[in-house]
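Have a look at the structure below, then the notes.
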Amino acid sequence: MYTILLRYITFIALLVVTLACSTEEAGTEGHIILKHEAYPAVAEHEGRFYLVTQTEELDTARIHYATDINGFGNDTTGAAIFTLTDKGLHNMYSPELHRLDGKWYMYFEADTNGNTDYHQLYAFENASDDPRQGQWTPHGPIITTDEWNWAIHPTVFERDGELYMLWSGWEKRRIEAETQCIFIARMANPWTLDSKRVKLSEPIYEWERQWIDPDGARSAYPIYVNENPQVMISPDNRNIVVCYSASGIWTVYSTVGMLYAPYGSDLLNPRSWTKLSEPQFLTADGAQYFGASNISYIRDPKDNRDWLFYQMKYYDNNWMRKVVALKEIKWNEKGLPEFGKP
C-alpha cells in the first residue's frame, strides 16, 4: 500500500512539474498560433482582442477575435474578412487595427495598378464597436512626401493627446538600389499628416542590409531594409520604443531592430532618438523556425502582462512559409523591452 501511494504522489508531482513547464513554454518561450498567415497586428477594446493578419492572398486580411490573449488558434473559420476586391486597390500588406476617437481604423499599404512600386498608405474608418461588423469608409492615399509618395507599413500611436504616424519609405526614388527608412510625422487626424516627415532610422548596419539568401534567392536589385515599425511605451512611461524589421523579408536574415526616445522629448527631432547597434530578436542557429520579424505588441489590461505577436518562417518542400507566434516579454531597468529568443 505504501509503495502504491508513493508512486501516486510521485506521478502527481511529475504531472504538476510538466504542466508548469508547458505553461512556462507557452507564456515566455513562444508558441505558434497561426500558420500560413503573416504581419500580425493586435488591438484591444473593452476586454476584447482583435488580431489582424495578412493572408497569402494579398487582397485579403483576417480579423481574428478572442476574449483572452491566449485565445487565438489555428482555426480561422470564424475570422472576419477584410478584402480589397471591391475597393479598387491591390496588394494589401501589413494591415493593422487602431481604436481612435471612438472609431476603428484599418491601416495598410496598397496600390491602384497592381505594381507595388506605387504602394501608398491608406486608412479605412469604421464606426462600429466591433471591427468585424459595420461599414468601412476609405481615406487616402495618405500623402507622406510630395516628391515620391511611396510608403509602406503604417502604424499610429498617441502621446498626451497628439497622434503620430510611423511608416517605412524611400528617402528618394530608387535608381540602382532601394533603401527603406523609418519615418515619423505628427497627424492632424487619423488620415492626414500635420508635419513634414522626419527620418528616424536607415539601414546602416550589416544585419539591416541583407538581401541575398544563402540559397541564392534575391531581389532584382539591392534592397536595404528598415520597415514595419511598431511602437511600445514602457510601463513607467520613461521611453517610447520603436521596433522595426530589418533586412529582406524574403531572406533567412530578417530580424528586429530597436530605437527609443524619452517619453517627453521632441519626437520629431532625430536627436531625441537612440538606435541600438545590435539586432534584438535573433533565432538560434539551426532552428526549424527562423527570421523573427513583423512584431506587434500589446499589454493585457487584465493583468498588465506584456505580449508580443510576431512572424516566423520555415521551409516546406523548399518553399518558405510563414507562421504567427506569441510570447510574453519583460522590461529591463533601462525601460526597454527584452524579447529573449523567438
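As a basis for the values below, the full set of heavy atoms in this structure was taken, side chains included, without hydrogen atoms, waters or symmetry mates.
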(message) My understanding is that a hydrophobic cluster links ILVMFWY residues whose side chain heavy atoms are under 4.5 Å apart, including indirect links. Using that, what else belongs to the cluster containing Leu282?
(response)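 For Leu282, no cluster forms, as it stays isolated from other hydrophobic side chains.
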(request) If you link ILVMFWY side chains whenever their heavy atoms are less than 4.5 Å apart, which other residues fall into the same cluster as Tyr93? By chain and number, please. (result)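 When side chains under 4.5 Å apart are linked, the cluster holding Tyr93 also contains Tyr39, Leu58.
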Can [Y] be reached from [X] by stepping across I, L, V, M, F, W or Y side chains whose heavy atoms are under 4.5 Å apart?
X      : Y      : value
Leu268 : Phe183 : no
Val198 : Leu193 : no
Leu166 : Met232 : no
Tyr122 : Val52  : yes
Leu51  : Ile298 : yes

(request) Establish, yes or no, whether a centroid distance under 6.0 Å links the rings of Phe124 and Phe108. (result)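 Distance test on ring centres: under 6.0 Å, yes.
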(request) May I ask you to check whether Tyr50 and His45 place their ring centers less than 6.0 Å from one another? (result) no
(request) Check the surroundings of atom CD in Glu206: do more than 12 heavy atoms from other residues, nucleotides or ligands lie under 6.0 Å from it? (result)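 Not buried by this count: 12 neighbours or fewer within 6.0 Å.
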(request) For Asp101, look at atom CG and say whether over 12 heavy atoms of other residues, nucleotides or ligands are found less than 6.0 Å away. (result)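 Counting neighbours around CG of Asp101, 12 or fewer heavy atoms of other residues, nucleotides or ligands fall under 6.0 Å, so no.
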(request) Could you list all the ring pair (Phe, Tyr, Trp, His ring centres under 6.0 Å) pairs where at least one residue sits in residues 268-295, not counting sequence neighbours? (result)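 Pairs touching residues 268-295 that pass the test: Phe281-Tyr310, Phe281-Phe339, Tyr289-Tyr314, Phe290-Tyr315.
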(message) Strictly distance-based, threshold 3.5 Å: is any side-chain N or O of Ser254 a donor or acceptor partner for the main-chain N or O of Gly291?
(response) yes
(message) So does Arg186 get a backbone contact from the side chain of Ser195, meaning a donor-acceptor N/O pair under 3.5 Å?
(response)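 Flag set: sc Ser195 to bb Arg186 pair under 3.5 Å.
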Taking only residues at least two apart or on different chains, which pairs with a member in [range] satisfy salt bridge (Lys or Arg N to Asp or Glu O under 4.0 Å)?
range            : answer
residues 307-317 : Asp316-Arg321
residues 119-144 : Arg48-Asp129, Arg99-Asp129, Lys103-Glu125, Asp130-Arg132
residues 230-254 : Asp236-Arg238
residues 212-229 : none

(message) Taking salt bridge (charged side-chain N to carboxylate O under 4.0 Å, His left out) as the definition, give me every residue that meets it alongside Asp300, ordered by chain and number, with sequence neighbours left out.
(response)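 Result, salt bridge (charged side-chain N to carboxylate O under 4.0 Å, His left out) vs Asp300: Lys302.
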(message) Please tell me whether Thr155 and Glu96 have a donor and an acceptor in their side chains that are separated by less than 3.5 angstrom.
(response) yes
(request) Tell me yes or no: between the side chains of Gln180 and His153, is some donor less than 3.5 Å from an acceptor? (result)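 No pair is found: no donor N or O on one side chain lies under 3.5 Å from an acceptor on the other.
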Donor-acceptor pairs are to be reported for all side-chain atoms of residues 241-251 against protein atoms at under 3.5 Å, with residues two or more places apart or in another chain.
residue	atom	partner	partner atom	Å
Tyr244	OH	Glu208	OE2	2.8
Ser245	OG	Asn294	N	2.8
Ser245	OG	Asn294	OD1	3.1
Ser247	OG	Trp207	O	2.6
Ser247	OG	Arg209	N	3.4
Ser247	OG	Gln210	N	3.0
Trp250	NE1	Trp211	O	2.9
Thr251	OG1	Gly248	O	2.7
Thr251	OG1	Tyr253	N	3.1

(request) For Ile142 and Met165, run side-chain contact (heavy atoms from CB on, under 4.5 Å): C-alpha distance rounded to whole Å, both residues' side-chain angles, the deciding distance at 0.1 Å, then the answer. (result) CA-CA 10 Å; Ile142 299 172; Met165 173 173 278; 3.8 Å; yes
(message) Using the ring-ring contact (aromatic ring centres under 6.0 Å, His included) criterion, which residues pair with Trp191? Sequence neighbours excluded.
(response) His139
(message) My understanding is that only residues two or more places apart in sequence, or in another chain, count here; which of them pass ring-ring contact (aromatic ring centres under 6.0 Å, His included) with Tyr164?
(response) Phe157
(message) Going by the rule side chain to side chain donor-acceptor pair (under 3.5 Å), which residues pair with Asn91 if we only count those two or more places apart in sequence or in a different chain?
(response) Asp111
